[in-house]
Amino acid sequence: MNADEHEHDEAPRAPVPPAHEQPVTVSTARHLSRRRFLGAAASGVGLAAVGSVSGALISRSAHSAAAPARAATGAVTGSSATHQWAMVIDLRYCNGCKACTTACERYHYLHEDQTWIHVFTMQSASGEQYFMPRPCMMCEDPACVPVCPVSANFRTEEGLVLVTQQRCVGTRICMNACPYQARYFNWSAPVPAPRQPFPQEPAWPVPQVEGTVGKCVFCAAMLPSGRIPECASYCPMGVIYMGDLESDVAVNGIGNTVTLSKFLTENTAIRFKTTFGTHPRVWYITGHGQTLDTDKEVA
Amino acid sequence: MSSRVESLRPAEGVWHSAVLEPAEETTGTEEPPPAIEMVRFAAMRPVLFRPKWFWPAVGALSVVVALGFAAWVVQLRTGLGAAGYNDQAFWAIYEANLVTFIGVSYGGAVVSAILRITKTTWRAPLTRIAEATALVTLPIGMLFIIPHLGSSWKLWELIWPPYWNLSSPILWDFFAVSTYLLATCVFFYLPLVADLAIGAERLARLQTSPRRKLLYRAYRLLAGSYDGSLSQRRLLAGAIGLVAIMVIPMAVSVHSVLSFAFASSSRPGYLETIFPVYFVVAALYSGVALVVVVVAAARRLFHLEAFIERRHLVRLGFIMVALGAAYLYLTFTEYLIDSYSNTTGNAAWVYQTVLGRYWMPFWFYFVAGGVVPILVFMFRRTRNATGVVTAAALVLAAMWVKRLVIVIPPATEPLVRSPFGPTGALGLGWGTYHFTWVSISITVAMAAAIPLLLLIVFRFVPILPVAEMEELAAAAERGTTTTATVAAGPVVRPRAGNEALAGARDHAETQGDDDDE
Ligand code: SF4
Ligand code: SF4
């Protein structure tokens, strides 16, 4: 996608500057979570009957039509949750050491190729090499959720997309649906894990379950106690910020605390593959002239 | 003997005919005329008399199936990775098999249905074989969902309504295919009723073994109270007509829905609006090819040369090649448009498929499944039964490979990386699917299950639709069929082979044992 296509993509949502010039604010996130609320009301997980299909359609159209208005009025989120988790990845400082990937795999007892946060080596439009860590985008309109036949995927009130591995039958259609290649299957027995502080559950999928799909969970079980995800903690460059759209704060692993909305605006943060309508909760701060959608991987 | 064969004219007796236009009400129960008797015998022959090769064939096929089962147990123990899958080849062989096997079943049912609806008279000796093929291949195709699932022990969740997520294309598939299975069973059973009644008559005379006694009871049970009266025949003919009409849209919808599982995603190469049509035509194409192969085999193995002639194979071949041309056209359309757009994802998978890492399977399809069948029909020298059967066998292989080409390249295409750029690096970041002995064994086992189940089916049900053939023969005799029918000749045409058949019958029936020559 080039800049034009960004413009085109964002056009129906807001009559304002194109995405990469448009400041990303908390109110953007809020109107999206309101939309999510509508979506949840109409097509909540496990809702039987055709309503769930039509509900999904309704929520999508309601979103595109009514969102600009809500953004303009700055309407508050419809969710009662006290947090809306988000992540910021500052590509300017990533050196491709993959400490994040290693920490994640160690923490969640994953196989080496289960790179829930995968560091892609990319090349920018100007030919410059840079690195791009890719966790799950925790999409507000996740492509992976509606395709699951047994409702094993769901999105929490706090904006986390999680997998009930006990339920997952392993059709892998969510792996097909995710535009970010963020899902990883357990093709063989999982890495054995010692006794865990939590029972195996969607927010704490340790150990993994053979024959089911797994993915980055933003270290969901740790968030309530104020701990940032393992990748953020272990990044020596402070690239990964864990943020909360409600309290408008983001923190990285080397002690920087920022005002989330200001941080995103000032650094012209962008989101990955906006053309897919998934509305990720992960923002990237570029700085090398990258446009994430066109850059190609070089190694 | 010759005196029995010489008359073609159906007697005035009741033949339990039930298909299409029932003849006028008749009474009496005289011996059926010889030609009809020969059809009845040939249809029941595999049921009554076990061919010598039966057990060896069943044994060999069972071994192959058992090996596949063992491979599946290995896969269960070690995980789906044993079948060669990985995160960048998350769908591959089993998904292609699912589409292929459900697809071939589609061909059998729809061919039979279309030939019925269009009142094509030459269909008569073929319909039972076509319908049996549909009946057998569909459950096998559905079985592929088991190795396909990463956690097949949780299969029950798919039929557990509280878990259902109705916005999932997988669930749509599940409903569509299950409904279709029901329809296929009904479509197999209804035309069978009259034949079971006829077969029961013969079994009643030949209750020499426990097996035959059991069969006799089963036939009586399944034939219900059918006695071939005019009102019953009308009713049955109406029901068959209705189901034949219903089977077509149902089969179309099933295969369209099957394609939604791919087409409803955002993945380049899957997100194709052409997919529903593409899948339907592919299914028909490979399905007719399988019917050709099965009919040719059954003709040989069950001594049906007197009824199924070479022209039947050639005519089926015409249908096949027409579908093949349509499929080639759809492939061309899809590939041209996707590559011409030159968008990152789409052009990349077309490039990889046609010229890149998947060039071999693609060109195999193109030659064996696209060009060869057309060539076979272009030349008079090859436009014969041998040519058609060879082409059909090639088409079956080619269409399986084509399904792999549909499923695997888009699944292995990198989404985060966009390697299709002006600076090259086209192959960068692509995943790879590796065939393993596990996945191959399971696939071969399922393929072997088709002849195995067909052999078993024809040990239990008449292989020829007797009532239907008699009905059409009678119609031809009465001159109530179209001129096309007349041109095609009578449906029940005794030939030199009948002489031998009659001999075989007399021999076999006086022997009274279960073995055939
Ligand atoms: S740990 Fe930090 S610097 Fe290293 S690859 Fe991950 S995000 Fe980049
Ligand atoms: S990034 Fe993929 S896995 Fe994560 S929420 Fe979005 S669609 Fe689902």
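The shown structure was predicted, so the numbers you read here are calculated from the model rather than taken from an experiment. The chains referred to below are lettered A, B, ... by the order of the sequence lines, with proteins before strands, and numbering in each begins at 1.
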Under 3.5 Å donor-acceptor pairs involving side-chain atoms of residues 269-277 of chain B, not counting sequence neighbours:
unit_1, atom_1, unit_2, atom_2, d
B:Tyr270, OH, B:Val407, O, 2.5

Pick from A:Ala152, A:Cys168, A:Cys148, A:Ala189: which one has the most heavy-atom pairs with chain B under 4.5 Å?
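When all of A:Ala152, A:Cys168, A:Cys148, A:Ala189 are compared, A:Cys148 has the most.
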What residue, out of A:Gln114, A:Arg134, A:Gln166, has the most heavy-atom pairs lying under 4.5 Å from chain B?
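Looking at each option in turn, the highest pair count goes to A:Gln166.
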Between B:Thr78 and chain A, which part of the residue has a heavy atom less than 4.5 Å away: side chain, backbone, both or neither?
backbone
Quick one: what part of B:Ile159 sits under 4.5 Å from any heavy atom of chain A, side chain, backbone, both or neither?
neither
Shorter than 4.5 Å, heavy atoms on both sides: which option in B:Gly81, B:Ser265, B:Pro410, B:Gly150 has the most such pairs with chain A?
B:Gly150
Between B:Tyr85, B:Trp153, B:Phe174, who has the most heavy-atom pairs with chain A when the cutoff is under 4.5 Å?
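With the most close heavy-atom pairs to chain A, the winner is B:Tyr85.
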Is it the case that more than 12 heavy atoms not belonging to B:Tyr340 sit under 6.0 Å from its OH atom?
no
Regarding B:Arg267 and B:Glu413, does a basic nitrogen lie under 4.0 Å from an acidic carboxylate oxygen?
no
Polar side chain donor-acceptor pair, A:Asn176 to A:Arg183, under 3.5 angstrom
no
Please enumerate all residues that pass side chain to side chain contact (heavy atoms under 4.5 Å, CB included) together with B:Val444, with sequence neighbours excluded.
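With sequence neighbours excluded, B:Val444 shows a side chain to side chain contact (heavy atoms under 4.5 Å, CB included) to B:Val64, B:Ile440, given in chain and number order.
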